[in-house]
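Heads up, the thing below is written out as structure tokens.
Bear in mind that the values here come from a model prediction, so they are computed numbers and not experimental data.
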Amino acid sequence: MNISQIEEVVKKLATDINTNEVNKDEFIYQLMAAYGHRKTTIGRIKSGERNLANVEGEVRAKRHIYFKQSQNDCVLSDIDNMKKEPSVARDKIRFVIATDFNQFVALDTRTHDTLDIEFNELGKHFDFFLPWAGMEKAVYQGENPADVKAAEKMAKLFDLIKADNFNEETKNDTAALHNLNVFLTRLLFCFFAEDTGIFKQNQFSAELESHTKLDGSDVDSYLNRLFEVLNTSKDTRGDLPDYLASFEYVNGGLFANNIVSPMFSTKSRKMLIECGSELDWSDINPDIFGSMIQAVVHPDQRGGMGMHYTSVTNIMKVIEPLFLDELYSEFENIENNIDAKLKPSRLRKLHDRIAEIKLFDPACGSGNFLIIAFKELRNFEMEIIKRLQELDQNKNQDDLFGDVGLDSSFSRIKLSQFYGIELDDFAHEVAILSLWLAEHQMNGEFKAEFGECEPSLPLKKGGKIFWGNSLRLDWRECIDHSDEDEVYIIGNPPYLGSKNQSEEQKEDIKYCLQGISNTKSLDYIACWFIKAALFINAKSSYAFVSTNSICQGTQVPLLWPIILKSGCEISFAYKNFVWSNNAKNKAGVTCSIIGVRKKNNKPKAIFTNNFRKIVSNINPYLIESTDIVVTKSTNVISKLPRMQIGNEPYESGFFIFSTLEKEEFVAEEPRSEKFFKKLVGSNEFIKGTYRWCLWIEDQYLDEACAIPLIKNRIDKVREARLVGGMNARSCAHRPHQFRWVNRAIKNQVVVPVVSSERREYIPVGLMDKDTIISNKAQVIFDPEPFVLGVLNSKIHMAWVRTITGRIRSDYQYTAGLCYNSFPFPDIDENTKCEMVDKSLAILSVRENYPERNLGSLYDPDKMPTDLKAAHRELDDFVDKIYQKKGFSDDDERLEFLFLMYERMTGGQNA
């Protein structure tokens with residue numbers, strides 16, 4: 001559930017308890033369910049299997065909760081006693097809660113925040129328990145977490161080190177910068193190690209301070225020697241002073257390469273020591289730390305330091321439907337449907353499976369997606385082991401771990417199952433480090449649950465993160481896999497439209513997609529979708545976060561036929577949602593999450609507002625329909641009048657005037673007045689303004705040329721066209737006119753070429769025959785008036801939103817794609833008349849607001865109530881032309897339209 005849904009559920013729960021609609025004994029279980037705890041977990045706590053409390057009215061579950069129903073007026077004394085219980089620290093309890101259902105008190109043991117409220121106010125404070133849903137309060141409330149402080153300190157240290165070691169000539173030295181990146185990740189590991197039990201407490205900072213000079217002149221040599229020690233096993237170190245010999249052997253490749261440490265000054269030495277001694281690195285969250293620390297070496301990113309990572313909630317939208325939900329579903333199937341005697345073997349088989357799964361992020365940044373996937377697999381593994389232990393205790397067996405096939409570390413999920421590619425050198429180094437930190441964190445949770453875990457040192461083989469260009473590397477050479485392996489590809493690759501791509505990125509696309517035609521206009525992210533489609537096998541699949549542009553407009557026919565022809569299908573999709581960072585007042589990007597797999601008969605799902613709908617198929621527009629692709633058409637597929645672009649000038653600025661320029665021209669030559677016409681494009685139409693143009697019909701050419709000012713401009717247009725391109729030269733023989741010359745006889749319907757996506761409707765309207773429509777708008781000359789109702793309808797807007805291309809985020813309305821392809825039923829004259837009446841009602845309401853232009857009238861925050869009502873009447877009427885019962889939402893409208901489009905075109909694009 002999203003935040004607003006959680007809030008509503010918690011509010012309702014508090015109300016239901018107060019009205020006795022929910023039994024008080026059920027309260028804590030329903031509260032946990034509200035934040036996404038799985039049914040099987042809650043069921044086992046409720047049954048007593050996972051409830052460590054032995055007192056009636058109490059619930060205690062490792063890593064989650066310690067809850068007590070208190071007697072009246074005993075809440076505060078109960079909470080004081082509960083938080084002192086040794087089991088709270090031992091079992092890593094996150095929330096301690098006591099309530100008598102009048103007063104409600106809670107403690108967050110991680111942040112040390114407390115909540116003391118009246119029970120009926122629980123809904124107002126729902127955010128206190130958001131960590132249960134993967135949203136740490138520091139992030140949600142916009143506070144300044146330890147991660148940000150650490151990043152800020154490290155940024156200052158980085159600047160001082162660069163000042164001590166680089167000058168104008170060497171500041172772009174790639175090799176030296178790479179060495180500095182590696183050096184920084186080594187420092188980060190040491191800081192983390194001395195605060196989390198890997199090293200002795202404060203060992204790194206204290207020894208550095210004690211054994212180096214104040215001026216920093218020997219810090220580099222000290223660190224060179226220390227890093228060499230950390231890379232040497234204890235039995236081969238030889239004779240060392242105690243302060244070095246006492247450091248543990250790290251291994252894992254982190255200190256393997258012989259990289260010379262940078263020089264230090266008095267200031268940089270002081271900052272280095274402060275980074276270690278003044279910060280508690282145990283509070284650092286590996287999930288998000290990497291993204292923030294990345295800003296250390298990119299000063300341009302520091303303004304939003306700590307605000308550019310992908311949230312856990314959004315990453316879960318990728319990995320849950322991709323593979324995690326299916327794993328838990330199998331786990332629950334074993335629990336609920338498999339004979340008790342067979343459960344252990346089936347659980348071991350499931351354990352074997354997850355120990356072989358491989359995760360790959362081909363644009364991994366600092367590792368966010370891989371870290372969350374690693375932690376979720378470790379959590380799932382702990383569920384398997386816990387259940388095996390419970391089954392073992394029930395059967396009084398003593399050979400559990402032999403049967404499970406576990407080694408001394410217990411966990412079989414290894415970092416070597418996780419792969420990534422990253423172009424940014426420092427992000428690549430930080431991703432490797434962050435995975436190690438995540439492993440250490442999960443080992444701690446494993447120990448809290450099972451009493452022992454794998455030793456932190458020496459480090460085992462880390463995640464296989466490659467530094468390079470993902471579009472130029474062969475992914476098959478990066479991942480150790482066979483055609484039978486279960487590989488999941490995840491991530492949030494870069495998305496850039498063709499107009500925003502650098503020359504290097506355009507070359508990347510050419511290189512990546514060589515052999516595939518018509519790829520010049522593809523979005524940059526399309527390469528990841530295509531490479532992944534060509535990589536996966538029947539046991540593998542992928543899911544990426546992308547801007548929704550790849551499922552709209554011209555991108556669909558460019559990209560999706562390639563993917564569909566490779567034998568793939570869309571397995572799940574999160575439709576349009578705002579993917580924003582957590583910076584205040586920062587606008588988000590409208591994104592989709594799209595999962596792709598080889599074609600099979602497994603269920604498919606579309607998620608809208610976190611509601612999951614099982615569907616038979618998902619087409620490239622993320623609609624339940626066949627895999628139809630809508631392409632530009634020169635002919636209208638429905639019985640609608642022809643729409644075309646307005647009049648294209650090609651006049652080099654000599655025929656178009658502002659009102660002031662026109663008035664000055666006429667004042668100098670009054671005979672010119674008759675040759676001026678109002679000129680309107682999309683911008684003028686929406687704003688209710690106009691410009692002027694010289695408009696000279698052939699029969700009046702001699703009269704116009706008799707006016708020197710006009711003759712001069714005609715001559716200049718001829719000259720400009722003669723030296724112009726092919727289109728300009730094609731109309732140089734008639735320099736007195738626009739390139740295109742089209743006018744209405746009675747009236748004309750105008751459709752803006754560009755319109756804001758914020759509007760519920762694109763403003764469409766009628767204009768008189770004397771106004772010239774420029775090529776900046778679409779126009780239907782002298783149509784049957786019912787077409788105005790078609791264009792103003794909600795069902796047409798649903799089609800446009802889905803099919804049209806975009807200029808930035810604004811709709812780009814084209815006749816070939818939006819109008820000619822639009823399926824509209826044949827209708828009789830009576831229906832046309834009714835549509836006209838309802839269309840004219842909309843125009844009539846607009847006239848009630850003469851002081852407002854169309855942009856203001858259709859601003860969603862300012863749209864008048866009576867205008868909305870007039871549109872609703874038309875919408876309902878047009879919907880029922882398609883089917884008598886109408887439609888409940890745009891998804892239903894689109895599903896119907898795609899079926900109709902397929903019938904009308906014969907499935908020619910399927």
Side-chain donor or acceptor of Arg186 paired with backbone N/O of Leu254 under 3.5 Å: yes
Rounded to the nearest 0.5 Å, how far apart are CG of Leu473 and CZ of Phe466? 8.5 Å
Run the salt-bridge test on Glu449 and Lys92 with the 4.0 Å N-O cut-off and return the result as yes or no. no
Relative to each other, are the rings of His428 and Trp467 parallel, tilted or perpendicular (30° and 60° limits)? parallel
Carboxylate-amine/guanidinium proximity below 4.0 Å for Lys267 and Asp164: no
Do Leu184 and Glu429 come within less than 4.5 Å of each other through their side chains, counting heavy atoms only? no
For the side chain of Tyr419 and the backbone of Ile465, is there at least one donor-acceptor N/O pair under 3.5 Å apart? no
Closest heavy-atom contact between Leu433 and Thr185? CD2-O, 3.5 Å
Tyr495 side chain vs Asn548 backbone, donor-acceptor pair below 3.5 Å: no
Within the structure provided, determine whether Leu230 and Phe199 are in side-chain contact (heavy-atom separation under 4.5 Å). yes
Could you check Phe418, Phe369, Phe544, Tyr488 and say which one makes a side-chain contact (heavy atoms from CB on, under 4.5 Å) with Asp361? Phe369
Hey, is Arg63 close enough to Asp91 for a salt bridge, meaning N to O under 4.0 Å? no
Do Glu194 and Lys200 have side chains that get closer than 4.5 Å, going by heavy atoms? no
Are any non-hydrogen side-chain atoms of His440 and Thr196 less than 4.5 angstrom apart? yes
Does Glu274 CD have over 12 foreign heavy atoms under 6.0 Å away? yes
Taking all non-hydrogen atoms of both residues into account, name the closest pair between Leu496 and Gln501 and its distance. O-NE2, 3.1 Å
Do Lys464 and Gln417 meet the criterion of a side-chain donor-acceptor pair at a distance under 3.5 Å? no
Just so I know, are the side chains of Phe323 and Leu359 near enough to count as touching, which here means a heavy-atom distance under 4.5 Å? yes
Please check if any side-chain donor atom of Ser265 sits under 3.5 Å from a side-chain acceptor atom of Asp215, or the reverse. no
Separation between OG (Ser411) and CG (Asn443), nearest 0.5 Å, reads 7.0 Å
Measure the SG-OH distance between Cys591 and Tyr574 for me, rounded to the nearest 0.5 Å. 14.0 Å
Using the side chain to side chain contact (heavy atoms under 4.5 Å, CB included) rule, take Phe264 and Leu223 through it: C-alpha gap first, then chi angles, then the decisive distance, then the call. CA-CA 11 Å; Phe264 281 75; Leu223 290 174; 4.2 Å; yes
Run the salt bridge (charged side-chain N to carboxylate O under 4.0 Å, His left out) test on Glu278 and Lys153 for me, step by step, so that the C-alpha distance in whole Å, both residues' side-chain angles and the decisive distance to 0.1 Å come before the verdict. CA-CA 10 Å; Glu278 293 187 6; Lys153 280 275 190 185; 3.4 Å; yes
Does Tyr35 reach the side chain of Ile6, with side-chain heavy atoms less than 4.5 Å apart? yes
One should read off an interatomic distance between Asn379 CG and Leu377 CG, to the nearest 0.5 angstrom, of 9.0 Å
Within the supplied structure, the quantity of interest is the number of heavy atoms (other residues, nucleotides, ligands) at a distance under 6.0 Å from Asp474 CG; does it exceed 12? yes
Are the side chain of Lys531 and the backbone of Ser470 linked by a donor-acceptor contact shorter than 3.5 Å? yes
With no hydrogens and no angle check, just 3.5 Å: does a side-chain donor-acceptor pair link Asn167 and Thr170? yes
Check the angle between the aromatic planes of Tyr222 and Tyr243 and answer parallel, tilted or perpendicular using the 30° and 60° thresholds. parallel
Can you name the closest pair of heavy atoms from Asp508 and Arg472 and give their distance? OD1-NE, 2.7 Å
Neighbour count >12 (heavy atoms, 6.0 Å) for atom NZ, Lys506: yes
Any donor-acceptor N/O pair, Arg378 side chain to Ala438 backbone, under 3.5 Å: no
Rounded to the nearest 0.5 Å, the CG atom of Asp425 sits from the OG1 atom of Thr174 at a distance of 9.0 Å
Does a donor on one side chain and an acceptor on the other come within less than 3.5 Å for Asn469 and Tyr511? no
Worked verdict on Phe247 versus Leu226 for side chain to side chain contact (heavy atoms under 4.5 Å, CB included): CA-CA 9 Å; Phe247 278 95; Leu226 173 62; 3.6 Å; yes
Quick one: does Asp523's side chain have a donor or acceptor within less than 3.5 Å of a partner on Ile525's backbone? no
If you look at every heavy atom in Phe374 and Met442, which pair is closest and at what distance? CE2-CG, 3.9 Å
Glu507 side-chain N/O to Glu504 backbone N/O, donor-acceptor pair under 3.5 Å: no
Please indicate whether Lys270 has more than 12 foreign heavy atoms, meaning atoms of other residues, nucleotides or ligands, lying under 6.0 Å from its NZ. no
Rounded to the nearest 0.5 Å, the CG atom of Asn492 sits from the SG atom of Cys364 at a distance of 12.0 Å
Heavy-atom closest pair, residues Gly365 and Ala431: O-CB, 3.7 Å
Any Lys/Arg nitrogen of Lys234 or Glu248 sitting under 4.0 Å from an Asp/Glu carboxylate oxygen of the other? yes
Using the salt bridge (charged side-chain N to carboxylate O under 4.0 Å, His left out) criterion, which residues pair with Asp220? Sequence neighbours excluded. none
Between Trp528 and Pro362, is there a donor-acceptor pair closer than 3.5 Å when you use the side chain of the first and the backbone of the second? yes
For the residue pair Leu208 and Ile273, what are the closest heavy atoms and their distance? CD2-CG1, 4.1 Å
Exercise: do Asp218 and Thr212 side chains pair donor with acceptor under 3.5 Å: no
Pick from Phe191, Phe189, Phe192: which one makes a ring-ring contact (aromatic ring centres under 6.0 Å, His included) with Trp281? Phe191
Side chain proximity check, Val88 to Tyr66, heavy atoms < 4.5 angstrom: yes
Quick check: does any side chain N or O of Ser592 sit under 3.5 Å from a backbone N or O of Ile594, one acting as donor and the other as acceptor? no
Output yes when a side-chain donor or acceptor of Asn165 lies under 3.5 Å from a complementary backbone atom of Ile161, and no otherwise. yes
Would you say Phe450 and Met382 make side-chain contact, with heavy atoms under 4.5 Å? yes
Step by step, would you call Asp108 with Thr111 a side chain to side chain donor-acceptor pair (under 3.5 Å)? CA-CA 6 Å; Asp108 184 335; Thr111 65; 3.2 Å; yes
Run the side chain to side chain contact (heavy atoms under 4.5 Å, CB included) check on Leu240 and Arg225 step by step: do they pass? CA-CA 11 Å; Leu240 288 173; Arg225 189 178 184 193; 3.9 Å; yes
Tell me which one of Phe227, Tyr249, Phe183 satisfies ring-ring contact (aromatic ring centres under 6.0 Å, His included) with Phe255. Phe227
